[in-house]
Amino acid sequence: MQNIWTIAKREYKHYFISPIAYALAAGVLFMLGVAFAFLLGQSTQMALYGGGSAPDLTQLNGFFAFLLVFIVPALTMRLVADETRMGTIELILTSPISDFELVAGKWLGGLLFVATLIGITLIYPITLNFMVDPGVDYRVLLTSYLGLIFIAASFLALGTGISALFSNQLAAFLVTFVVVLTLWWLVGLPAELMPKAGAFLRYLEVNSHYAFTFNAGSIHLSDIVYFLSLIAVGIFTGAMALESRRWR
Amino acid sequence: MIQVNELTKDYGSRRALHELTFEAQQGEIVGFLGPNGAGKTTTMRILTGYMAPTSGEARVAGYDVIKESLEVRRRIGYLPETVPLYTEMVVFDYLKFMADLRHIPNADERVEETLEMVGMLDRSEGYIGNLSKGMRQRIGLAQALLHRPEVLILDEPTIGLDPSQVVDVRNVIREVGKERTVLLSTHILSEAQQLCDRVLIINKGKIVVEDTPQNLQARLVGAEHVVVRVRGDNDGLVEKIRKVKGVQNAHALPDGAVEYQFMPAQDVRPEVAKAVIQSGYDLLEMHAVKMSLEDIFLEVTREDTERKKK
Ligand SMILES: Nc1ncnc2c1ncn2[C@@H]1O[C@H](COP(=O)(O)OP(=O)(O)OP(=O)(O)O)[C@@H](O)[C@H]1O
Ligand SMILES: [Mg+2]
């Protein structure tokens with residue numbers, strides 16, 4: 001555990017000196033800001049015509065989750081590639097920590113960074129709370145954010161695992177992107193075409209474990225199991241990939 | 001402390017190590033000497049758990065490098081050949097990170113002590129990326145020493161340093177090597193001679209010579225080399241010289257001269273001269289060639305190659 005934390009701390013700090021991470025963070029916050037303004041505008045307009053309601057911030061988190069499909073591959077692509085390029089992989093693989101601890105630490109560092117981003121977006125519900133009367137529904141918002149963290153954690157685990165498989169940044173980016181995009185979206189399509197396999201494919205889809213559950217205020221054990229499995233698959237893949245490096 | 005038994009490593013179809021076998025005792029400084037591509041780095045990478053051998057076995061402090069890799073890694077300090085460092089980190093933070101990975105108590109103090117040992121305490125707040133090659137080398141060395149390991153593995157620790165830094169780094173190695181087992185690789189024979197209790201010369205993945213530097217020198221430098229040159233044809237000269245008692249390893253040189261060796265105790269130069277003249281050759285010159293350690297090194301590694309060809 002201590003080793004995971006040591007690795008995670010270093011990785012976390014690294015994101016704050018990484019131009020890519022800054023650009024991604026700025027991009028995400030900007031787009032969410034625009035979306036927030038749009039939602040606000042919509043609600044005010046509806047209010048003018050009598051009716052309407054406070055903007056629904058879970059939409060904002062749904063959008064954030066979709067953005068994760070793009071930013072996670074960019075955040076994780078360098079995790080192992082950089083160490084291979086600088087040769088520091090030799091230091092880290094000969095230090096007394098297990099491959100699992102190394103991968104888990106890198107994953108946790110990324111998760112803390114994305115959690116920081118998510119934390120920053122809390123300004124939207126806080127702002128909104130001052131503007132609308134009954135205030136925002138904290139219960140729904142809480143599960144919505146929890147689900148968002150689960151999605152980020154799963155994507156980051158897959159990205160970290162894939163980055164250990166490829167010591168090339170571009171390859172790591174593309175493969176991670178294809179995998180998370182497929183999980184987000186594409187498995188739903190063949191599900192319509194193949195009714196037999198459909199139920200299983202639908203189970204694989206990320207959004208079916210978020211949009212109508214976490215993001216609608218309900219927590220199901222099956223959804224948590226789903227996300228934890230993805231995290232386990234990602235970290236296990238990464239540990240295996242590092243182990244197999246030693247046998248090349 | 002280090003036991004290597006019939007270690008073989010293939011990179012694809014290229015065999016880098018060929019049933020390599022050697023040992024290093026506790027407290028010994030062992031020099032690993034060999035030309036480029038001999039397999040020094042490969043051996044060290046196997047000992048430190050960075051890669052697995054194709055076959056064979058290696059133990060460090062009694063632990064198997066594959067099956068008990070973590071135990072081995074806890075006891076080894078390693079300076080890789082390329083001196084990899086996180087260039088975007090501050091020196092102190094980097095060493096603190098490595099110390100934390102090794103669960104060193106009072107890590108801050110330990111980092112400072114170690115920086116002091118390598119003479120880099122004044123740069124502890126600087127970025128690694130801004131350090132010179134020699135300074136990075138010392139930070140790499142500090143990293144290897146942080147946990148005061150039982151076994152130190154240093155891959156070409158003085159390469160790329162200026163002469164005064166070479167002296168400094170050698171002093172550090174000598175100091176820490178007093179109570180530790182050190183395996184260091186180098187191309188520089190005089191370095192091996194100054195630092196090491198024992199020298200292993202490795203070529204093409206095999207140990208070709210193993211001895212103390214003193215013995216090595218006595219054994220190889222001890223044999224004096226003489227070059228004999230005659231006017232005109234030298235047909236049969238090699239055979240004539242070979243017949244003289246005490247002559248060793250007579251062979252023709254490409255330029256027509258003949259070279260032979262003799263042990264210091266029996267200087268057979270007069271006998272050889274007589275034999276040459278009595279056989280009717282016109283003796284032009286006869287001179288002794290001083291063999292430097294570099295020549296020995298070349299000779300040992302060349303002989304080994306030639307023997308393999310035959
Ligand atoms: N990662 C690798 N992949 C393929 N071949 C390799 C690899 N590393 C080393 N080799 C080959 O293995 C052989 C031994 O290399 P090694 O690096 O162990 O030599 P060395 O003694 O350290 O040489 P040097 O003095 O140049 O550092 C060489 O023929 C080299 O080309
Ligand atoms: Mg080498």
Side-chain angles (χ1 to χ4, degrees), chain A residues 1-22 75 78-109 112-113 164 167 169 239-248, chain B residues 9-12 41 44-54 60 63 65-66 68-90 93-104 107 127-129 136 139-140 143-144 146-147 149 151 153 155:
Chain A
M1 257 334 267
Q2 193 188 333
N3 292 335
I4 297 178
W5 184 237
T6 306
I7 299 280
K9 263 193 310 194
R10 203 196 75 81
E11 287 298 335
Y12 182 67
K13 284 186 201 147
H14 190 98
Y15 285 108
F16 288 93
I17 56 162
S18 152
I20 296 181
Y22 263 115
L75 287 177
R78 47 149 283 276
L79 282 180
V80 177
D82 262 8
E83 303 245 15
T84 312
R85 186 175 49 80
M86 295 197 297
T88 45
I89 189 97
E90 192 165 354
L91 280 180
I92 210 87
L93 289 184
T94 57
S95 70
I97 66 168
S98 68
D99 297 341
F100 163 77
E101 288 170 322
L102 179 59
V103 175
K106 283 181 173 285
W107 164 76
L108 184 60
L112 291 174
F113 179 71
S167 348
Q169 292 209 13
M240 289 300 23
L242 289 184
E243 169 72 21
S244 80
R245 246 162 217 270
R246 297 183 202 268
W247 292 91
R248 250 175 242 163
Chain B
K9 174 74 188 178
D10 294 333
Y11 290 110
T41 301
M44 292 181 159
R45 285 181 162 173
I46 292 172
L47 288 175
T48 52
Y50 180 62
M51 51 168 68
T54 308
V60 174
Y63 294 99
V65 295
I66 305 165
E68 296 154 308
S69 178
L70 282 177
E71 291 300 327
V72 170
R73 286 188 252 158
R74 275 189 196 111
R75 289 164 176 79
I76 285 187
Y78 178 37
L79 174 65
E81 185 172 24
T82 52
V83 198
L85 299 167
Y86 294 101
T87 44
E88 80 285 353
M89 286 180 98
V90 168
D93 294 348
Y94 164 67
L95 291 176
K96 176 76 162 51
F97 168 67
M98 296 308 283
D100 287 344
L101 284 184
R102 294 190 174 277
H103 305 194
I104 295 170
Y127 281 95
I128 292 177
R136 287 187 200 194
I139 299 301
Q143 171 273 128
L146 271 177
H147 50 300
V151 178
I153 296 193
D155 202 350

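Values below: all heavy atoms of this structure, side chains included; hydrogens, waters and symmetry mates excluded. By convention in this document, chain letters (A, B, ...) are assigned in the order of the sequence lines, proteins followed by strands, and residues within each chain are numbered from 1.
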Intermediate values then yes/no, side-chain contact (heavy atoms from CB on, under 4.5 Å), Phe100(A) and Ile4(A): CA-CA 9 Å; Phe100(A) 163 77; Ile4(A) 297 178; 4.1 Å; yes
Candidate pair Ile7(A) and Leu101(B), rule side-chain contact (heavy atoms from CB on, under 4.5 Å), full reasoning: CA-CA 8 Å; Ile7(A) 299 280; Leu101(B) 284 184; 4.0 Å; yes
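For chain B, the nearby part of Ile17(A) is the side chain; its heavy atoms alone come within less than 4.5 Å.
Rounding to the nearest 0.5 angstrom, the gap separating the CD1 atom in Ile92(A) from the CE atom in Met86(A) is 10.0 Å.
With sequence neighbours left out, the side chain to side chain contact (heavy atoms under 4.5 Å, CB included) criterion links Val151(B) to Met1(B), Ile2(B), Val60(B), Ile76(B), Ile153(B), Thr181(B).
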Which donor-acceptor pairs lie under 3.5 Å between chain A and chain B?
residue	atom	partner	partner atom	Å
Asn3(A)	OD1	His103(B)	NE2	2.6
Arg10(A)	NH1	Glu88(B)	OE2	3.3
His14(A)	ND1	Glu88(B)	OE2	3.1
Glu83(A)	OE1	Tyr86(B)	OH	2.7
Glu83(A)	OE2	Tyr86(B)	OH	3.1
Glu90(A)	OE1	Arg45(B)	NH2	2.9
Glu90(A)	OE2	Arg45(B)	NE	3.0
Glu90(A)	OE2	Tyr78(B)	OH	2.5
Leu93(A)	O	Arg73(B)	NH1	3.1
Ser95(A)	O	Arg73(B)	NH1	2.9
Ile97(A)	O	Arg73(B)	NH1	3.2
Arg246(A)	O	Ala52(B)	N	2.7
Arg246(A)	NH1	Gly49(B)	O	2.6
Arg248(A)	O	Lys9(B)	NZ	2.9

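Nearest approach of Val80(A) to Ala164(A), heavy atoms of both residues: CG2-CA, 3.7 Å. Heavy-atom minimum distance, Pro84(B) versus Leu91(A): O-CD1, 3.1 Å. Scanning both residues, Ala99(B) and Leu146(B), for their nearest heavy atoms gives N-CD1, 3.7 Å.
The greatest number of non-hydrogen atom pairs below 4.5 Å with chain A, out of Ala52(B), Ala144(B), Gly77(B), Gly140(B), is found for Ala52(B).
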